[in-house]
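All of these numbers come straight from a predicted model, not from anything done at the bench.
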Amino acid sequence: MKIAVVRETRPAERRVALVPEQVAKLIELGYEVAVEPAAGERALFSDDQYRDAGAEVAWGADHAATIVASVQPLERERLQRLHAGTALMSFLPTNPPDVVRTATRAKLTAFAMELIPRISRAQSMDALSSQALVAGYRAAIVAAERLPRFFPLNMTAAGTVPPAQVVVLGAGVAGLQAIATAKRLGAVVKAYDVRTAAAEEIASMGAVPIELELGTLDGPGGYAREMTPERAQLQRELLTPYVAAADALITTAAVPGRTAPMLVTRSMVEQMKPGSVVVDLASEQGGNVEGSVAGTELTIGEALVWGGANVPSQMAGPASRLYGQNIANLIRLMTRNAAFDPDFTDEIVRGCCVTHDGSVLHEPTRELLKGQA
């Protein structure tokens, strides 16, 4: 059994699918591990570290591999070179669906890390949560670095400098981490989420829950349900004074595979104070903030708006360590009797498998492909 760790070719992608300490554990499990040269260098893991962990470092690591592990899916040409039955483990965006079609034709078994079921037994494999943790921390650091004032209260002989006022919209994994980090930096934090459990979770982080008296919108998988246009408009109106009073606004509301809800309009941002900062972690999915652009800093009114793009890669070392552990735990689940043998009756295996033996198993993806045929 051979696991191949490939070098990511997308310039913005700095993460690596397995780090050296995880390689060593997988070798103990009975696998050979081959790593392409410089696969981990952008996450600050050298080829020598992989060799010391017991991996082979060589080009063509994916040739004859049982499992190919990556962060982003392989290019079509590489997929076509793999032998039938090879297992792929990566994030696997299904729109556009070229990768899925190629994997199906080549009879590859593709597991999508973003489709890991959100159940307690799968928490150690939940890559969306692990990467959201990194993104939430990074969001607070970006806000603190770009805000031209202190986050904490400062009392000096020359006078008192009040703490920054931070508002976080969305209290999932990323939002809660942003709250915790902003609190550690000394800011006064308020936060809002539409889910039932959110207020208690926000308070547990030391922040003040924003109560809008609109009712909750709990949805499947721990995500929020889509709201009606009327509800969304009323919510924006009620949030406007909180946004206007904030020195820094961090938005984190996103659901995989769907357009992010627009929580903050341009006119709301225009009411913020000069020098205010807005960090939109959902920019790549359309944005929670009207006018934000992924990977771009721009000015709306007198506020700086930072659009997040592949934010976990901005902290590639810890992001890789967490993602690699998700991959290693998934491989361990699929290893039975000292062999790689996925049990497709298992809820986790079945839930994250997109293609297998020439068929598309993931029903939403299958319907999408039918609609685009």
Side-chain angles (χ1 to χ4, degrees), residues 1-8 15-36 39-40 43 45 49-51 53-58 61-74 78-79 82-92 99 103 107-131 312 318-357 361-362:
M1 303 182 296
K2 179 181 177 183
I3 301 170
V5 179
V6 301
R7 187 176 189 272
E8 304 290 330
R15 293 168 290 180
V16 63
L18 290 170
V19 305
E21 66 186 56
Q22 293 146 5
V23 166
K25 292 176 182 177
L26 289 168
I27 290 173
E28 290 176 3
L29 201 59
Y31 288 93
E32 298 176 22
V33 180
V35 180
E36 290 190 339
F45 298 106
Q49 287 177 288
Y50 283 103
R51 291 189 186 96
E56 174 192 6
V57 177
D62 53 337
H63 296 170
T66 309
I67 304 165
V68 178
S70 61
V71 180
Q72 302 298 334
L74 301 185
R78 295 195 71 169
L79 292 174
L82 299 177
H83 63 78
T86 301
L88 309 173
M89 292 185 181
S90 71
F91 288 112
L92 189 66
V99 172
K107 294 191 174 182
L108 306 175
T109 301
F111 297 100
M113 297 304 293
E114 71 272 23
L115 296 180
I116 296 288
R118 307 202 91 179
I119 58 176
S120 58
R121 190 166 63 90
Q123 286 181 348
S124 67
M125 307 162 218
D126 187 350
L128 284 179
S129 292
S130 74
Q131 302 308 285
S320 298
R321 194 177 299 278
L322 292 170
Y323 179 75
Q325 195 59 53
N326 298 144
I327 291 277
N329 290 336
L330 186 59
I331 292 172
R332 188 173 289 109
L333 174 72
M334 297 184 189
T335 303
R336 299 186 296 169
N337 300 320
F340 182 70
D341 183 20
D343 176 6
F344 290 95
T345 66
D346 183 280
E347 182 181 4
I348 299 172
V349 177
R350 186 176 67 252
C352 69
C353 186
V354 178
T355 70
H356 177 63
D357 197 25
L361 302 188
H362 184 242

Undergrad: Going by salt bridge (Lys or Arg N to Asp or Glu O under 4.0 Å), name the residues that satisfy it together with E347, two or more places apart in sequence or in a different chain.
TA: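 E347 satisfies salt bridge (Lys or Arg N to Asp or Glu O under 4.0 Å) with no other residue.
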Undergrad: Answer yes or no: is there a donor N or O on one side and an acceptor on the other, between the side chain of D62 and the main chain of A4, under 3.5 Å?
TA: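 No, the answer is negative, given that no donor and acceptor are paired below the 3.5 Å cut-off.
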Undergrad: Just by distance, do the side chain of R15 and the backbone of A319 share a donor-acceptor pair under 3.5 Å?
TA: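 No; judged by distance alone, with no hydrogens or angles, the pair does not exist.
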Undergrad: Under 3.5 Å, side chain of T86 to main-chain N/O of H83, donor-acceptor pair present?
TA: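 At least one qualifying donor-acceptor pair exists.
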Undergrad: Does any non-hydrogen side-chain atom of L26 lie less than 4.5 Å from one of L18?
TA: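 Yes. Closest side-chain heavy atoms under 4.5 Å.
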Undergrad: Looking only at heavy atoms, which two atoms of A127 and N326 are closest? And how far apart?
TA: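 The answer is CA-OD1, 3.2 Å.
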Undergrad: Salt bridge (Lys or Arg N to Asp or Glu O under 4.0 Å) with R51: which residues, sequence neighbours excluded?
TA: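 So R51 forms a salt bridge (Lys or Arg N to Asp or Glu O under 4.0 Å) with D48.
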Undergrad: Looking only at non-hydrogen atoms, find the nearest pair between F340 and A87 and report the distance.
TA: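 In this case the closest contact between F340 and A87 is CE2-CB, 3.7 Å.
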Undergrad: Identify, with sequence neighbours excluded, every residue that meets side-chain contact (heavy atoms from CB on, under 4.5 Å) alongside I27.
TA: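 Listed in chain order: V23, V33.
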Undergrad: Give a yes or no on whether the backbone of L92 and the side-chain of E114 come within a donor-acceptor separation of less than 3.5 Å.
TA: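 The answer is yes, because a donor-acceptor pair under 3.5 Å joins these two groups.
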Undergrad: Give every donor-acceptor pair under 3.5 Å between a side-chain atom in residues 64-74 and any protein atom, sequence neighbours left out.
TA:
residue : atom : partner : partner atom : Å
T66     : OG1  : K2      : N            : 3.1
S70     : OG   : Q72     : O            : 2.7
Q72     : NE2  : E13     : OE1          : 2.9

Undergrad: Using every non-hydrogen atom in the two residues, find where P117 and G351 come nearest and quote the distance to one decimal.
TA: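 Heavy atoms of P117 and G351 come nearest at CG-CA, 4.2 Å.
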Undergrad: Quick one: salt bridge (Lys or Arg N to Asp or Glu O under 4.0 Å) partners of R121, sequence neighbours excluded?
TA: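 Only D346 meet the salt bridge (Lys or Arg N to Asp or Glu O under 4.0 Å) criterion with R121.
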Undergrad: Considering only heavy atoms from C-beta outward, does the side chain of T355 approach that of K107 to under 4.5 Å?
TA: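 They are not in side-chain contact.
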Undergrad: Within this structure, what is the CZ-CD distance for the pair R321 and Q22, rounded to the nearest 0.5 Å?
TA: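 CD of Q22 is found 7.0 Å from CZ of R321.
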Undergrad: Quick one: list whatever passes ring pair (Phe, Tyr, Trp, His ring centres under 6.0 Å) with Y323, sequence neighbours left out.
TA: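 Y323 satisfies ring pair (Phe, Tyr, Trp, His ring centres under 6.0 Å) with F91 once adjacent residues are dropped.
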Undergrad: Tell me whether R332 is salt-bridged to E28, with the criterion being a basic N under 4.0 Å from an acidic carboxylate O.
TA: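 E28 and R332: not salt-bridged.
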Undergrad: Give a yes or no answer on whether the side chain of T335 reaches the backbone of I331 with a donor-acceptor pair at less than 3.5 Å.
TA: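 At least one qualifying donor-acceptor pair exists.
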Undergrad: With no hydrogens and no angle check, is any side-chain donor or acceptor of E36 less than 3.5 Å from a backbone partner on R7?
TA: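 Side chain of E36 to backbone of R7: a pair is present.
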